[in-house]
Amino acid sequence: MIDVTRVFNVVRDLCNKDQKGFVTPNVFNSFARVAQQAVYNEMFKELMLASTIRSSGKDGGRDKSAYKMVEEDLSTYIQHVNVGVSGEEFDTVGYYLDDNGVVVGGISNNDAYTDILVSSYGADDGDEPFSFRRPADFGRSISMCVLATNTSIEIIHDSEKLSRILNSNLSSPTLDFPVALEMTGVYQVFPAEVDGVSLRYYRQPQSRVIDTGLIEVGYPTYAALTLNEQTGFTVPNLFDCRNFDMPAHYINEVISEICKMIGVRLRDEVLSAYGVQQTQAE
């Protein structure tokens with residue numbers, strides 16, 4: 001993880017110049033969340049670039065492989081959740097967004113379980129599909145399989161394509177060849193006999209508790225006990241601070257992203273150019 005106090009101090013020192021204290025914790029926090037998401041999204045672009053390098057035969061071997069390095073970074077965001085019949089616990093936390101967009105459940109200690117089932121039907125209960133909500137930290141799906149048999153489930157994102165599959169005598173879903181429709185916030189699994197699935201996905205970056213490093217629902221936050229508006233000097237409140245949920249070696253990218261946004265906010269061409277230059281250098 002990346003120390004939020006270290007990032008704040010570097011950004012403040014880079015930005016202050018002859019003006020003192022204009023990088024307040026509130027300003028920093030508003031950009032920290034966006035910067036973390038931007039660096040996270042860039043990891044997937046780096047993976048595509050590394051894949052191209054590997055295909056050309058120019059990738060390094062073993063620990064020097066660019067592809068392996070990016071894969072290792074992204075592996076910290078892989079999450080696995082088993083969704084079974086109603087009332088069963090899951091192998092990992094099943095927190096989700098309710099209909100009002102409010103987070104239900106939590107992941108601060110990795111032992112809180114929340115039912116994310118929408119409905120569960122068996123072979124004798126009708127033709128309604130097995131349905132469940134996407135976890136609140138869901139980023140991108142990786143794979144899905146039937147919980148009982150480990151049979152791979154094909155994930156479909158086009159409802160029209162699913163209609164054609166369901167109406168076909170040749171490609172209609174079976175327990176040997178199940179399919180799942182990914183809709184807004186909800187998965188529907190076919191055929192109806194499927195009553196439990198295992199979902200593997202990339203989670204969105206959150207924040208980490210400073211002392212323990214545990215993942216917590218939220219975003220990186222710099223909290224100050226005191227703030228001198230004349231000098232910009234702050235005393236961090238470590239109890240309320242939350243670190244970035246990213247590998248430590250991405251600190252330069254995070255600082256660059258924040259500096260670019262603050263440079264635009266202040267209409268400071270030098271600061272903006274610095275952020276762009278550092279990003280391109282990476």
Minimum heavy-atom distance P247-Y77, with the two atoms named
CD-OH, 3.7 Å

Which heavy-atom pair separates P236 from C241 by the least distance, and what is that distance?
CB-SG, 4.4 Å

So, using side chain to side chain donor-acceptor pair (under 3.5 Å) as the criterion, who are the partners of S152 when residues are at least two apart?
none

Would you find a donor on one side and an acceptor on the other, under 3.5 Å apart, between the side chain of S256 and the backbone of N252?
yes

Once you round to the nearest 0.5 Å, how far does OG of S172 lie from CD1 of I165?
9.5 Å

side-chain contact (heavy atoms from CB on, under 4.5 Å) against R200, all qualifying residues, sequence neighbours excluded
I78, H80, I142, S143

So, do Q206 and D137 sit near enough that their side-chain heavy atoms are less than 4.5 Å apart?
yes

From the list E182, R133, R134, side-chain hydrogen bond (donor to acceptor under 3.5 Å, both in side chains) with Y187 holds only for E182

Joining Ile, Leu, Val, Met, Phe, Trp and Tyr whenever any side-chain heavy atoms lie under 4.5 Å apart, the cluster holding I210 also takes in L238

Between Y202 and F44 (judged by ring centroids, cut-off 6.0 Å), do the two rings come close enough to count as a pair?
yes

Check ion pair D3-R208 (N to O, under 4.0 angstrom)
no

Just wondering, more than 12 heavy atoms not from E71 lying within 6.0 Å of its CD?
yes

